[in-house]
Amino acid sequence: MFSARAALFALIAATSASAAGISVNLNLLNILVTGIVVNIGDTRVKLLNEPNSLLSTKFPTDVFSITNSEGHAPAFTGVKVKYSPERAAKSNDDSVFTILEPGESISLKHNLASAYNFSSIGQGLFTIKPSRTVFTLVDDDGNLSSIQAEVQDATSTIITTLADILHIPRTTGFSKRASYIGCSSSQQGLIDEATAAAQGYVEESSSYLNSNPLSTDRFATWFGTYTDARHSTVASHYSNMLDNPYSQYTYDCSTCSEAYAYAYVHPDDDTTIYLCPAFWETTTTGSDSRAGTLIHESSYFAGTDDVVYGTSGAAKLASSNPDSAVNNADNYEYFAENA
């Protein structure tokens with residue numbers, strides 16, 4: 001079992017004349033982390049349950065930063081997801097939001113075993129905190145803004161053997177050759193179109209970078225101020241994507257039912273892409289397309305993450321924090337789609 005000091009962080013934002021604030025406590029018991037989210041402000045808040053947020057429990061994403069006393073972290077074995085906050089924000093489906101009146105709270109349980117494997121580092125003293133400190137606030141018109149969290153670490157002592165209880169192996173078999181799981185013939189046709197387009201996008205992107213070793217408007221739009229180091233990182237990621245052709249992945253059409261997700265992958269398994277409802281509702285090419293989605297997902301295998309979602313967020317990130325932009329999956333997608 002665990003013993004823990006509570007972790008508290010306040011989310012601070014300005015909304016019209018009223019003050020909005022959220023506090024979050026992390027309580028740990030066995031392999032569960034319970035996040036208690038409380039509206040400590042004096043106005044109603046509507047928060048988006050993004051997949052990589054503490055507010056979502058639908059996907060085993062990298063929600064927590066976990067390190068032991070020696071600075072070692074458990075292996076992340078969960079999933080990374082392409083998601084559309086803009087589409088979700090316009091939804092009438094309350095399940096995609098957390099809505100809290102002043103003083104109201106909600107508890108959400110996260111199973112560490114579904115996303116992390118502690119077997120390589122064993123028992124000990126661990127510091128646990130949310131890995132994402134920015135939450136997304138939605139106003140009544142569906143507009144998005146950010147709430148920055150102030151975080152205090154939670155310290156937990158794990159006193160049981162972790163090699164077995166904290167790792168749930170996936171049982172799905174994988175193949176290195178192209179295949180489909182639960183995909184109809186029409187879905188397979190759309191996937192085939194998307195894989196060909198994605199391959200073309202990545203080949204063009206890689207060629208463009210090789211031919212333009214200095215700054216261009218396209219590079220600056222999605223990756224910010226040019227430096228040799230950033231250019232090298234971006235070019236290397238696209239080169240890594242080319243090493244695994246899109247026609248050789250396994251595509252699973254039967255597992256994901258999250259309406260506002262496009263796709264997800266297990267970043268430690270570069271064979272399979274799991275396709276979600278939004279994938280079928282978009283176009284083959286263009287912004288946030290099926291081809292772009294495949295690029296977004298394959299970029300995880302090259303080492304990207306989800307810092308922000310969406311074209312606006314990606315462009316702002318490139319301008320304000322280019323070092324983060326060169327590690328953000330959506331920036332690679334939008335550079336490739338070049339829409």
Side-chain angles (χ1 to χ4, degrees), residues 48-52 56 58-59 61 79-93 95-97 136 138 142-144 178 180-205 218 221-222 238 241 245-247 249-265 272-301 304-317 328-339:
L48 196 60
N49 300 337
E50 294 178 284
N52 58 353
S56 175
K58 293 184 177 181
F59 293 101
T61 52
V79 304
K80 293 186 177 182
V81 185
K82 174 174 167 56
Y83 179 78
S84 174
E86 291 86 358
R87 294 182 62 185
K90 303 295 184 181
S91 170
N92 293 320
D93 180 2
S95 70
V96 304
F97 307 107
T136 301
V138 184
N143 299 311
L144 304 178
Y180 304 95
I181 299 175
C183 303
S184 67
S185 58
S186 61
Q187 286 175 325
Q188 291 182 32
L190 291 175
I191 293 169
D192 290 344
E193 292 176 359
T195 59
Q199 193 69 33
Y201 270 153
V202 174
E203 289 175 357
E204 187 278 334
S205 297
R218 180 179 174 187
T221 297
W222 300 116
Y238 281 113
M241 289 182 231
Y246 293 95
S247 61
Y249 283 98
T250 293
Y251 295 95
D252 186 316
C253 304
S254 62
T255 301
C256 180
S257 59
E258 175 64 17
Y260 300 102
Y262 288 83
Y264 71 83
V265 298
T272 303
I273 297 177
Y274 299 81
L275 304 175
C276 304
F279 180 85
W280 311 112
E281 296 171 2
T282 187
T283 55
T284 298
T285 57
S287 185
D288 283 313
S289 62
R290 282 186 284 270
T293 295
L294 300 187
I295 293 168
H296 180 112
E297 298 305 309
S298 68
S299 77
Y300 294 136
F301 304 134
T304 68
D305 210 332
D306 294 312
V307 183
V308 298
Y309 286 118
T311 52
S312 176
K316 290 178 181 177
L317 186 67
N328 189 52
D330 258 355
N331 289 67
Y332 284 85
E333 174 181 344
Y334 297 139
F335 180 90
E337 290 172 334
N338 197 25

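Excluded from the calculations below are hydrogen atoms, water molecules and symmetry mates; all remaining heavy atoms, backbone and side chain alike, are included.
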Donor-acceptor pair between D252 and S254 side chains, under 3.5 angstrom:
yes
Backbone N/O of G310 and side chain of E86: donor-acceptor pair under 3.5 Å
no
N49 side chain vs F97 backbone, donor-acceptor pair below 3.5 Å:
yes
Strictly by modelled atom types, are D192 and Y180 linked by a side-chain donor-acceptor pair under 3.5 Å?
yes
Checking Q199 side chain against Y246 main chain: does a donor-acceptor pair fall under 3.5 Å?
yes
Can you tell me if T282 uses its side chain to pair, donor with acceptor, with the backbone of F279 under 3.5 Å?
no
Exactly one of T272, T195, L190 should register a side chain to side chain contact (heavy atoms under 4.5 Å, CB included) with Y251. Which one does?
T195
When you measure from the side chain of D306 to the backbone of N52, do you find a donor-acceptor pair of N or O atoms at a distance under 3.5 Å?
no
The salt bridge (Lys or Arg N to Asp or Glu O under 4.0 Å) partners of K58 (sequence neighbours excluded) come to E258
Using a 4.5 Å cut-off on heavy atoms from C-beta on, say whether the side chain of Y274 contacts that of V81.
no
Atom pair OG1 (T285) and CG (N338), whose distance is rounded to the nearest 0.5 Å:
12.0 Å
Please identify each residue that fulfils ring pair (Phe, Tyr, Trp, His ring centres under 6.0 Å) with Y309, with sequence neighbours left out.
Y83
How many angstroms lie between NZ in K90 and OG in S84, if you round to the nearest 0.5 Å?
11.0 Å
Which of these, Y334, Y332, F335, sits in a ring-ring contact (aromatic ring centres under 6.0 Å, His included) with W222?
Y334
Kindly compute the distance separating CG (D330) from CD1 (I295), expressed to the nearest 0.5 Å.
11.5 Å
Set of salt bridge (Lys or Arg N to Asp or Glu O under 4.0 Å) partners for E297, sequence neighbours left out
none
On the 0 to 90° scale, with breaks at 30° and 60°, tag the Y300-H296 ring pair as parallel, tilted or perpendicular.
perpendicular
Pairs meeting criterion salt bridge (Lys or Arg N to Asp or Glu O under 4.0 Å) with involvement of residues 284-294, two or more places apart:
K82-D288
Results of salt bridge (Lys or Arg N to Asp or Glu O under 4.0 Å) for E203 - residues two or more places apart only
none
Minimum side-chain heavy-atom gap Y249-S298 below 4.5 Å:
yes
To the closest 0.5 Å, what do you measure between OH (Y260) and SG (C276)?
13.5 Å
Taking the side chain as every heavy atom from C-beta outward, state whether T255 and Y264 have any atom pair closer than 4.5 Å.
yes
To the nearest 0.5 Å, what is the distance between CD1 on I191 and OG1 on T284?
11.0 Å
Salt bridge (Lys or Arg N to Asp or Glu O under 4.0 Å) filter on E281, not counting sequence neighbours, yields R87
Would you say the side chain of V308 lies within less than 4.5 Å of the side chain of T136, judging by non-hydrogen atoms?
no
